[in-house]
Amino acid sequence: MRKLLGVLALVLLLAGCGQAGTTAEPPPPETEEPDEYEALIAATPVAQVEGESVSPDGRFEIRAEGASGEYVSGIQPPEFLQIVDRETGEVLWQDQGWPWQSVLWSPEGGFLALAYSARTWSAITILETEGWASWKFTLPDGSPIPEYTFLPEDWGAWQSENSLDLMIGLGGDGEEQALYQCSVWKVDIGGVTGESREKTLETLGSWDFTHDGRPETVELETIWFPGGTGTARDYSTLRVLDGEEALWEDVAAIQHAGQNSLYVLRLDEKDYLLQYVPSMGQGFCAYQYRIFSLDDTGEPVIYRENHVEFDINFGSPIHESFDIPEIAAFLREVHGYLDQARELVNTVWDEIDLGNVDYGDAAALEKALEDYQREMAETA
């Protein structure tokens, strides 16, 4: 009987324990909703490196690594930008990634131009590939690219190992485009620096200098000293283009040795280039002009040319010649052509100043030369 009562008590005890355990068990946790930002980041692509990721010699590669976990205008910047040695895999340079980055290597691979931008700004950094030192591009006045000024897809082009053309601004409504010539060079050991100057391109017109019935386009490229355009010209390059290829070109600079002037001249129902260069050095003058067309390879074909030499070292033992009739005949001839021509570029400032003289009047021109000779001799 005692055994039966003990078994019954044990059964009741176990039943009670089971009931107590059931009532004490906590309810299952509620299911949490996934984080919306994390889901957005997971679905957002990572910005890659655009342009030329591998150097011309195949030694280096720039790549985007990782993901930053940031959402910027529909893109996710990479965590890092890295330049690696393609043979060893060694990381040679590293920086943070951006929503947009594009790369251009110089022709010989000595420099790397890296353009990058975020929401409201853009920048360009030039790295040299020995010590990976860098120089950040600035405008000619030393200021950075203005805020809310962005870079076009074709933002740059290396013209040589040390010269890079950069286009700043998207163009179109509200954002002007400006072209800059950026020169870079290495300094000391493992250093790099640079400078920029504004560059303008102007199409001047079309003429048939090859006389083949198909006009060529004339383009004027000008590099300006820092400080503005219009009066601060450094030098210009005049190009005759056959399609997109340069058939012929020449430079006109403001420096003494680079003075030049070029014109379009119509003679015998044909188009010609007229070049006039009146140069002077230490009082010795050499004036020359040539009228020429171009063959199909861009070589000048001379139609007419002439020159005159004299000096203005009056009263000096080194004075040699100032033949007034000869000088007058040359000036009358060349200015007769200039009066018919259209100026393309002109940086000449060495022609002697004869005042307001009619170059078509032989007598008046010789009188002006006589007066010039007398005045110069009196002040010698």
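The first residue in the sequence is number 1, and the count goes up from there.
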* Hey, are Asn162 and Ser160 close enough side-chain-wise for a donor-acceptor pair under 3.5 Å? -> no
* **Full working for side-chain contact (heavy atoms from CB on, under 4.5 Å) between Leu331 and Leu354** => CA-CA 11 Å; Leu331 290 176; Leu354 299 179; 4.0 Å; yes
* To do: State, without any angle test, whether His335 and Gln340 hold a side-chain donor-acceptor pair at a distance under 3.5 Å.
  => no
* To do: Say whether, by atom type as modelled, one donor and one acceptor occur between the side chain of Thr222 and the main chain of Ser236 under 3.5 angstrom.
  => no
* Asked: Can you hop from Leu92 to Ile62 via hydrophobic side chains spaced under 4.5 Å?
  -> yes
* Hey, is the main chain of Lys186 close enough, under 3.5 Å, to the side chain of Glu128 for a donor-acceptor pair? -> no
* To do: Check whether the side chains of Glu79 and Ser68 place a donor and an acceptor atom closer than 3.5 Å, and report yes or no.
  => no
* Asked: For the residue pair Glu161 and Ser106, what are the closest heavy atoms and their distance?
  -> OE2-OG, 2.9 Å
* To do: Report yes if the side chains of Leu179 and Ile168 come closer than 4.5 Å at any heavy-atom pair, otherwise no.
  => no
* Check the hydrophobic clustering (I, L, V, M, F, W, Y; side-chain heavy atoms under 4.5 Å; chains of links allowed) and say if Leu81 and Ile83 are grouped together. => yes
* Asked: Is a side-chain donor or acceptor of Asp242 paired with a backbone partner of Glu245 at a separation under 3.5 angstrom?
  -> no
* To do: Indicate, with yes or no, if Val277 and Val308 share a hydrophobic cluster defined by side-chain heavy-atom contacts under 4.5 Å among Ile, Leu, Val, Met, Phe, Trp and Tyr.
  => no
* Sidechain-backbone polar pair: Asp165 side chain, Ala157 backbone, donor-acceptor under 3.5 Å -> no
* **Aromatic centroids of Trp135 and Trp185 separated by under 6.0 Å** => no
* Presence of salt bridge, Arg266 and Asp271, under 4.0 angstrom -> yes
* To do: Could you tell me whether a side-chain N or O of Asp188 sits under 3.5 Å from a main-chain N or O of Gly191, the two making a donor and an acceptor?
  => no
* Please determine, by modelled atom types, if Gln275 and Ser261 share a side-chain donor-acceptor pair under 3.5 angstrom. => no
* To do: Could you tell me whether Tyr289 and Tyr337 have their ring centroids closer than 6.0 angstrom?
  => yes
* So, Tyr303 versus Phe292, ring centres under 6.0 angstrom or not? -> no
* Using atom types as modelled and distance alone, determine if a side-chain donor or acceptor of Asp208 lies under 3.5 Å from a backbone N or O of Gly213. => yes
* Asked: Under 6.0 Å between the ring centres of Phe150 and Trp155?
  -> no
* Between Asp350 and Gln259, does any side-chain donor sit less than 3.5 Å from a side-chain acceptor? -> yes
* SB check Arg239 Glu249 (cutoff 4.0 Å) -> yes
* Shortest non-hydrogen contact from Gly109 to Thr129? -> O-OG1, 2.9 Å
* When you check the side-chain N and O atoms of Ser102 and Tyr116, is any donor under 3.5 Å from an acceptor? -> no
* Within-4.5 Å side-chain heavy-atom neighbours: Trp93 and Leu127 -> yes
* Can you check whether Leu241's main-chain N or O pairs, donor with acceptor, with Trp248's side chain at less than 3.5 Å? -> no
* Pairwise side-chain contact, Glu108 with Asp57, heavy-atom cut-off 4.5 Å (strictly under) -> no
* **Criterion side chain to side chain donor-acceptor pair (under 3.5 Å) on Asp141 and Ser143, from CA distance to verdict** => CA-CA 6 Å; Asp141 62 2; Ser143 63; 2.7 Å; yes
* Can you tell if the side chain of Met167 reaches within under 4.5 Å of the side chain of Asp154, non-hydrogen atoms only? -> no
* Structure fact -> Here the pair of heavy atoms bringing Val357 nearest to Ala364 is CG2-O, 3.8 Å
* Nearest non-hydrogen partners of Thr347 and Ala253, listed with the distance -> OG1-O, 2.8 Å
* Using a distance-only test with no angle check, is there a side-chain donor-acceptor pair under 3.5 angstrom linking Asp234 and Gln255? -> yes
* To do: Measure the shortest side-chain to side-chain distance between Leu294 and Leu247 over non-hydrogen atoms and say whether it is less than 4.5 angstrom.
  => yes
* **Presence of salt bridge, Lys270 and Asp268, under 4.0 angstrom** => no
* To do: Identify the two heavy atoms, one from Gln177 and one from Gly171, that lie closest to each other, and give their separation to 0.1 Å.
  => CG-N, 3.2 Å
* Look at the side-chain heavy atoms of Ile, Leu, Val, Met, Phe, Trp and Tyr, link any pair under 4.5 Å apart, and say whether Tyr359 and Leu369 land in one connected group. => yes
* **Rounded distance (nearest 0.5 Å) linking atom CD of Glu202 with atom CG of Leu220** => 6.0 Å
* Under 3.5 Å: donor-acceptor pair, side chain of Thr379, backbone of Glu375 -> yes
* To do: Answer yes or no: is there a side-chain heavy-atom contact under 4.5 Å between Asp250 and Leu262?
  => yes
* Asked: Taking 4.0 angstrom as the limit, do Glu65 and Arg63 come out as a salt bridge?
  -> yes
* Asked: Got a sec, which residues hit ring pair (Phe, Tyr, Trp, His ring centres under 6.0 Å) with Phe322, two or more places apart in sequence or on another chain?
  -> Phe310, Phe314
* Asked: Any idea how Tyr276 and Phe330 line up, ring-wise: parallel (<30°), tilted (30 to 60°), or perpendicular (>60°)?
  -> tilted
* **Closest non-hydrogen atom pair, Val192 against Val187** => N-CG2, 3.7 Å
* To do: For side-chain contact (heavy atoms from CB on, under 4.5 Å), just list the numbers for Leu112 and Ile126, CA-CA rounded to whole Å, side-chain angles, deciding distance to a tenth of an Å, and then say yes or no.
  => CA-CA 6 Å; Leu112 170 69; Ile126 312 294; over 6 Å; no
* Criterion ring pair (Phe, Tyr, Trp, His ring centres under 6.0 Å) on Trp224 and Tyr235, from CA distance to verdict -> CA-CA 7 Å; Trp224 304 92; Tyr235 66 91; over 10 Å; no
* Taking only residues two or more places apart in sequence or in another chain, which ones pass ring pair (Phe, Tyr, Trp, His ring centres under 6.0 Å) with Trp158? -> none
* Should Val345 and Tyr272 be counted in the same cluster of Ile, Leu, Val, Met, Phe, Trp and Tyr side chains packed under 4.5 Å apart? -> no
* Indicate yes or no: at least one non-hydrogen side-chain atom of Ile352 is less than 4.5 angstrom from one of Met280. => yes
* Between the main-chain N or O of Trp98 and the side-chain N or O of Gln101, is there a donor-acceptor pair closer than 3.5 Å? -> yes
* Passes side chain to side chain donor-acceptor pair (under 3.5 Å), Ser183 versus Glu195? Steps please. -> CA-CA 5 Å; Ser183 299; Glu195 66 175 13; 4.9 Å; no
* Using distance alone, with no hydrogens and no angle criterion, decide if Gln288 and Asn306 have a side-chain donor and acceptor under 3.5 Å apart. => no
* **Donor-acceptor under 3.5 Å (Thr44 side chain, Tyr71 main chain)** => no
* Asked: Between the side chains of Thr297 and Asp295, is a donor N or O closer than 3.5 angstrom to an acceptor N or O?
  -> yes
* To do: Name all pairs fulfilling the salt bridge (Lys or Arg N to Asp or Glu O under 4.0 Å) condition that reach into residues 82-100, sequence neighbours left out, sorted by first residue then second.
  => Glu61-Arg86
